[in-house]
Amino acid sequence: MNSESKQLIAGLKLYLTYLKGLGITELPLSKKQGQISYEPELSDGTEVIAESTSLDQTQVSLLANQTLEEIRKELGDCQRCKLFKTRRSLVFGEGNEKAKLMIIGEGPGFDEDLQGRPFVGKAGQLLTKILQSIGLQRETVYITNVIKCRPPQNRNPQPDEIETCYPFLLKQIGAIEPKVICALGTFAAQTLLRTDAKITSLRGKVYPLSGIQIFPTYHPAYLLRNPDRKREVWEDMKRIAKALADNRS
Ligand code: SF4
């Protein structure tokens, strides 16, 4: 075996390990220019990751039988995880109940906890601008978070808190039935895609699931600290705009 073949096999092994990490156990093979391609692409070149075991495919449709109002009522004065002890507000989410685009962040911060609304602080203002950059007004999308209560001192959400709150996020997705989900930041992307992979490796690709296209990208709060990453978010937003345009009916 020559060194080129060895390199190819080593690269393929790495890629298969990466896919396995995402929970993908089957490969969609497609012929491309006479070769077998393991990386299907959208027409704009965006890599499409094969439908994976992320959100349970049946869960979203099974959970589509509740309205947002009913889900909020069910949450009530939620004390299902320890975050209830320190929160001021339970931040459920807001926006268009029939939105084609759902924005899912990590959890409420100081301003959100104070006002009871998602993405209203500096990161929220940046999100509004990012949406406007692709011609979307904030009111036309639905915005929520993986967890609905602010962790003390804005610490990272803990696994038990995420898993306790996650069923309500799934119900919200089921109620809204968006065409596209933008997962903002590590925790939203990892929760929805059921992976430990870093946001840097997850973003820039699309993860189809039961008719929903999931696009992970950087959280606006991260962008405020790392403005040099804005370019990548802009690329992701263009992909989202295209997916929305393709889904316009
Ligand atoms: S984070 Fe979710 S599960 Fe925990 S108390 Fe708040 S609403 Fe309930």
Side-chain angles (χ1 to χ4, degrees), residues 53-99 101-124 127 138 141-178 181-196 199 202 209-210 212 214 216-222:
T53 54
S54 49
L55 292 172
D56 185 312
Q57 292 187 28
T58 52
Q59 279 179 316
V60 170
S61 49
L62 284 176
L63 293 170
N65 58 358
Q66 270 182 297
T67 64
L68 287 175
E69 199 182 335
E70 287 166 345
I71 300 162
R72 179 65 190 89
K73 207 177 270 182
E74 188 187 342
L75 258 176
D77 180 30
C78 185
Q79 302 187 359
R80 292 171 179 83
C81 85
K82 56 188 175 298
L83 291 179
F84 87 91
K85 292 179 192 161
T86 47
R87 72 167 180 235
R88 256 182 276 206
S89 319
L90 189 157
V91 184
F92 182 66
E94 68 179 25
N96 179 0
E97 299 193 8
K98 298 196 184 310
L101 173 61
M102 196 166 169
I103 307 280
I104 300 177
E106 176 182 315
F110 177 84
D111 294 296
E112 291 74 20
D113 184 44
L114 202 62
Q115 296 187 39
R117 296 177 54 210
F119 283 93
V120 288
K122 279 188 181 156
L127 174 65
R138 190 183 154 105
V141 307
Y142 191 86
I143 305 175
T144 189
N145 287 298
V146 171
I147 55 166
K148 314 299 186 207
C149 304
R150 181 192 179 210
Q153 282 83 49
N154 288 356
R155 66 155 166 76
N156 288 337
Q158 294 172 348
D160 61 309
E161 295 158 359
I162 291 175
E163 289 313 309
T164 309
C165 216
Y166 182 52
F168 293 95
L169 175 64
L170 281 178
K171 289 181 184 205
Q172 286 175 298
I173 296 170
I176 294 164
E177 294 184 295
I181 290 177
C182 176
L184 293 175
T186 299
F187 289 97
Q190 289 184 342
T191 302
L192 290 169
L193 301 174
R194 314 309 275 170
T195 176
D196 291 333
I199 187 69
L202 294 172
L209 181 93
S210 287
I212 305 173
I214 302 177
T217 194
Y218 296 121
H219 195 285
Y222 175 78

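Just so you know, ligand 1 is whichever comes first in the structure, and atom 1 is the first atom listed for that ligand. Sequential numbering from 1 along the given sequence is applied to the chain's residues.
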| message | Using a 6.0 Å cut-off, check whether atom CD of Glu69 has over 12 heavy atoms from anything other than its own residue. | response | no

| field | Spatial distance of atom CD1 (Ile104) from atom CD (Gln172) [nearest 0.5 Å] | value | 8.0 Å

| task | Supply the atom-to-atom distance Ile199 CD1 to Phe187 CZ, rounded to the nearest 0.5 angstrom. | result | 11.0 Å

| query | What distance separates Leu169 CG from Ile181 CD1, expressed to the nearest 0.5 Å? | reply | 7.5 Å

| request: Please indicate how many protein N/O/S atoms are found closer than 2.8 Å to atom 6 (Fe) of ligand 1, with waters neither displayed nor included. | output: 1

| query | Do you know which two heavy atoms are closest between Asn145 and Pro108, and how far apart they sit? | reply | ND2-N, 3.8 Å

| query | What side-chain hydrogen bond (donor to acceptor under 3.5 Å, both in side chains) pairs are there with at least one residue in residues 149-158, not counting sequence neighbours? | reply | Lys82-Gln158, Arg150-Asn154, Arg155-Glu161

